[in-house]
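Shown next, in structure tokens, is the structure this report addresses.
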Amino acid sequence: MAAPPSQPTGFHGRLDRYFHISERQSTLSREIRGGLATFFTMAYIVVLNPLILGGVKDADGQVLGDGTTPNYAMIAAATALTAGILTILMGVVAKVPFALAAGLGLNAFVAFGIASSMSWEDAMGLVVLEGIVITILVLTGFRTAVFHAIPSQLKTAISVGIGLFIALIGFVDSGFVRKAAGTPLELGIGGSLTSWPIFVFVIGLLVTVLLVARKVKGAILLGIVGTTILAIIVEAVAKVGAANGGKNPLGWSLIVPTLPEKVVGVPDFPGVLGQFSLFGSFSKVSVVLAVLFIFTLLITDFFDTMGTIVGVGRQADLVADDGALPRTREILLVDSIAAAAGGAASTSSNTTYIESAAGVGEGARTGFASVITGVLFLLAVFLSPLVDIVPYEAAAPALVVVGFLMMTAIRDIDFNDYEIAIPAFLTIVLMPFTYSISNGIGAGFITYVLIKAIKGKTREVHPLLWVVTALFVIYFLIGPVKILLGLS
């Protein structure tokens with residue numbers, strides 16, 4: 001009889017026991033690779049968040065930061081700093097491979113939906129208030145209870161929908177799929193793959209797919225690094241340049257992949273850290289409108305995170321057959337604190353990122369991967385020139401492949417049972433079709449409860465699911481309500 005494998009000893013052993021690395025059938029090298037893959041897949045937020053927040057003027061005509069001139073470097077440093085600290089906190093406290101950063105969608109809502117009605121300090125104060133409220137919901141057990149009240153097959157549908165959503169993000173970010181004049185979407189430019197950045201994406205996708213199919217260790221990370229090198233070579237030879245907001249449709253979508261002029265940059269963020277007014281918004285807009293702003297932030301943050309942790313947790317084999325996820329309370333607590341921290345740092349609400357699935361696809365199963373990702377974000381505060389060389393087109397293939405991996409869970413949904421199949425279908429398709437995780441979850445919940453009610457099976461619906469469904473009805477009716485109250 002073969003002897004059981006020896007357990008790691010010394011410092012390695014302490015890491016193994018604390019993060020349950022061997023227990024979750026992982027290795028230290030896998031966790032490191034996973035942490036790297038997650039970082040490189042979501043490092044774009046360090047560049048994109050400043051572009052969304054930095055150039056928008058508030059109701060007083062001021063921009064975020066020093067008030068007169070956009071300071072993208074300051075916001076980038078703050079974005080990396082908060083993402084790094086919070087991701088490490090998630091790894092150490094919750095011990096899961098989930099990374100956090102400024103939430104896309106949430107940051108756009110703060111910039112274009114809230115700051116236009118008040119000062120940036122007041123807008124970030126509302127984000128802090130939302131984070132405080134959602135933290136209270138975790139501490140009272142409400143947020144965790146809602147998580148456990150969702151039927152397991154609906155949780156699976158959430159995972160599958162996110163898989164489609166993240167794949168679509170990859171295709172759109174790379175320019176492989178674009179908005180069109182005659183149809184909502186089209187292939188490439190005018191139905192043709194005619195640009196060098198799209199060529200780089202296609203080669204990167206094919207290489208990554210082949211590496212994954214051959215089960216090469218580090219496939220996703222190798223794909224990102226290799227595609228970035230190819231992108232740098234292409235740019236050096238072809239001089240493609242940036243897309244410039246569509247003025248150069250053949251250009252790179254955001255980051256032009258060139259070797260950086262310098263490696264180290266000095267962080268500059270004193271103008272954004274702590275610059276928020278907790279209750280200033282209530283003197284600028286009506287109490288009703290301020291509450292609606294907070295509610296919109298809360299409901300989006302609440303269920304985007306829930307969908308993300310279910311989807312990524314299932315991909316990491318951390319979700320039990322009944323849909324339970326270990327250390328759910330700790331995960332949700334850190335995520336809730338992140339919302340408030342993002343407001344306090346003027347980087348918008350921070351939330352758990354679906355791109356964490358890239359690290360999971362690379363083999364990450366524990367919080368040690370999050371520690372690696374977090375440390376890299378902290379280094380990015382100083383090494384932002386290096387972060388700037390990875391274009392969307394190089395990271396996007398990883399998102400598409402991870403989307404495929406997440407979609408495979410669809411086999412666990414019983415499509416012969418229309419009571420669950422129809423809500424699951426709506427959950428899955430509305431996430432990519434509306435570009436929102438929350439919209440898909442809301443449609444699925446409302447349909448599920450409605451079908452059960454019509455068929456006289458209300459007892460099969462958890463009481464909390466009724467409450468959440470009612471909140472989603474309010475969420476979808478916010479627009480009409482604002483019009484009715486003359487607030488829009």
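Keep in mind that the numbers below use all heavy atoms, side chains included, and drop hydrogens, waters and symmetry copies. Just so you know, these numbers come straight off a predicted model, no measurement behind them.
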Checklist line | Counterpart residues, ring-ring contact (aromatic ring centres under 6.0 Å, His included), relative to Phe199 (two or more places apart) | finding: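 Applying ring-ring contact (aromatic ring centres under 6.0 Å, His included) to Phe199 gives Trp196.
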
Next item on the list: Mind checking ring-ring contact (aromatic ring centres under 6.0 Å, His included) for Tyr435 and listing every partner two or more places apart, or none if nothing turns up?
Entry: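 Tyr435 satisfies ring-ring contact (aromatic ring centres under 6.0 Å, His included) with Phe165 only.
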
Next item on the list: Sequence neighbours left out, what passes salt bridge (Lys or Arg N to Asp or Glu O under 4.0 Å) with Asp301? Give chain and number order.
Entry: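 Applying salt bridge (Lys or Arg N to Asp or Glu O under 4.0 Å) to Asp301 gives none.
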
Note to self: Please enumerate all residues that pass salt bridge (Lys or Arg N to Asp or Glu O under 4.0 Å) together with Glu362, with sequence neighbours excluded.
What the structure shows: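 Glu362: salt bridge (Lys or Arg N to Asp or Glu O under 4.0 Å) contacts with Arg33.
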
Taking the side chain as every heavy atom from C-beta outward, state whether [X] and [Y] have any pair of such atoms under 4.5 Å apart.
X	Y	answer
Leu297	Val127	yes
Leu332	Ile309	yes
Val46	Phe377	yes
Met306	Ile150	yes
Glu235	Trp252	yes
Thr228	Pro257	no
Asp412	Gln153	no
Val133	Leu298	yes

Listing, residues 88-115 side-chain donor-acceptor contacts under 3.5 Å, not counting sequence neighbours, or none:
{"residue": "Lys95", "atom": "NZ", "partner": "Tyr18", "partner atom": "O", "Å": "3.4"}
{"residue": "Asn107", "atom": "OD1", "partner": "Gly105", "partner atom": "N", "Å": "3.2"}
{"residue": "Asn107", "atom": "ND2", "partner": "Asn49", "partner atom": "OD1", "Å": "2.9"}

Pairing residues for [X] by the side chain to side chain contact (heavy atoms under 4.5 Å, CB included) criterion, not counting sequence neighbours:
X	answer
Ala157	Ile413, Ala424, Thr427, Ile428
Arg17	Arg14
Leu230	Val200, Ile203, Val234

Looking only at heavy atoms, which two atoms of [X] and [Y] are closest? And how far apart?
X	Y	answer
Leu318	Pro326	O-CD, 2.9 Å
Gly359	Ala37	CA-CB, 4.2 Å
Val128	Ala344	CG2-N, 3.5 Å
Ser356	Thr38	O-OG1, 3.6 Å
Ala340	Ile132	CB-N, 4.3 Å
Glu130	Ile294	CG-O, 3.9 Å

Margin query: Can you tell me which residue among Ile224, Leu376, Val375 is in a side-chain contact (heavy atoms from CB on, under 4.5 Å) with Phe39?
Written below: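 Looking at Ile224, Leu376, Val375, the match for Phe39 under the side-chain contact (heavy atoms from CB on, under 4.5 Å) is Leu376.
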
Measure the spacing between [atom1] of [X] and [atom2] of [Y] and express it to the nearest 0.5 Å.
X	Y	atom1	atom2	answer
Arg327	Leu325	CZ	CG	11.0 Å
Ile220	Leu36	CD1	CG	12.5 Å
Asp173	Ile166	CG	CD1	10.0 Å
Asp16	Ser22	CG	OG	3.0 Å
Phe445	Leu471	CZ	CG	11.0 Å
Phe293	Leu129	CZ	CG	13.5 Å

Item checked: Which residues share a side chain to side chain donor-acceptor pair (under 3.5 Å) with Thr41, sequence neighbours left out ->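 Partners of Thr41 by the side chain to side chain donor-acceptor pair (under 3.5 Å) criterion come out as none, since no residue qualifies.
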
Looking at [X] and [Y], would you say the former's side chain and the latter's main chain have a donor-acceptor pair under 3.5 Å?
X	Y	answer
Asp317	Arg24	no
Arg314	Gly311	no
Arg30	Gln25	yes

Checklist line | Residues Val160, Met431; criterion side chain to side chain contact (heavy atoms under 4.5 Å, CB included); working and verdict | finding: CA-CA 10 Å; Val160 174; Met431 285 188 192; over 6 Å; no

Which side-chain N or O atoms in residues 393-411 pair as donor and acceptor under 3.5 Å with protein atoms at least two apart or in another chain?
{"residue": "Glu393", "atom": "OE2", "partner": "Ser253", "partner atom": "N", "Å": "3.0"}
{"residue": "Glu393", "atom": "OE2", "partner": "Ser253", "partner atom": "OG", "Å": "3.2"}
{"residue": "Thr408", "atom": "OG1", "partner": "Leu405", "partner atom": "O", "Å": "2.6"}
{"residue": "Arg411", "atom": "NH1", "partner": "Thr408", "partner atom": "O", "Å": "2.6"}

Next item on the list: Given side chain to side chain contact (heavy atoms under 4.5 Å, CB included), test Val56 with Val63 step by step and report yes or no.
Entry: CA-CA 6 Å; Val56 178; Val63 295; over 6 Å; no

Checklist line | All pairs passing side-chain hydrogen bond (donor to acceptor under 3.5 Å, both in side chains) where residues 366-379 contributes a residue, at least two apart | finding: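 Listed once each, the pairs are Glu31-Thr366.
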
Note to self: Show me the pairs that pass ring-ring contact (aromatic ring centres under 6.0 Å, His included) and involve residues 336-371, at least two apart or across chains.
What the structure shows: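 Of all non-adjacent pairs touching residues 336-371, those that pass ring-ring contact (aromatic ring centres under 6.0 Å, His included) are Phe19-Phe368.
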
Next item on the list: With side chain to side chain contact (heavy atoms under 4.5 Å, CB included) as the test, would you mind laying out the steps for Leu81 and Leu273 before giving the verdict?
Entry: CA-CA 10 Å; Leu81 179 68; Leu273 296 184; 4.1 Å; yes

Notebook entry, point to check: Parallel, tilted or perpendicular: which describes the rings of Phe171 and Phe176, with under 30° parallel and over 60° perpendicular?
Noted result: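 Phe171 vs Phe176 ring planes: tilted.
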
Notebook entry, point to check: Quick one: do the Thr305 and Asp335 side chains pair a donor with an acceptor below 3.5 Å?
Noted result: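 Yes, side-chain donor-acceptor contact under 3.5 Å.
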
Notebook entry, point to check: Leu193 and Leu187: side chain to side chain contact (heavy atoms under 4.5 Å, CB included), yes or no, with the steps?
Noted result: CA-CA 7 Å; Leu193 304 177; Leu187 178 69; 3.7 Å; yes

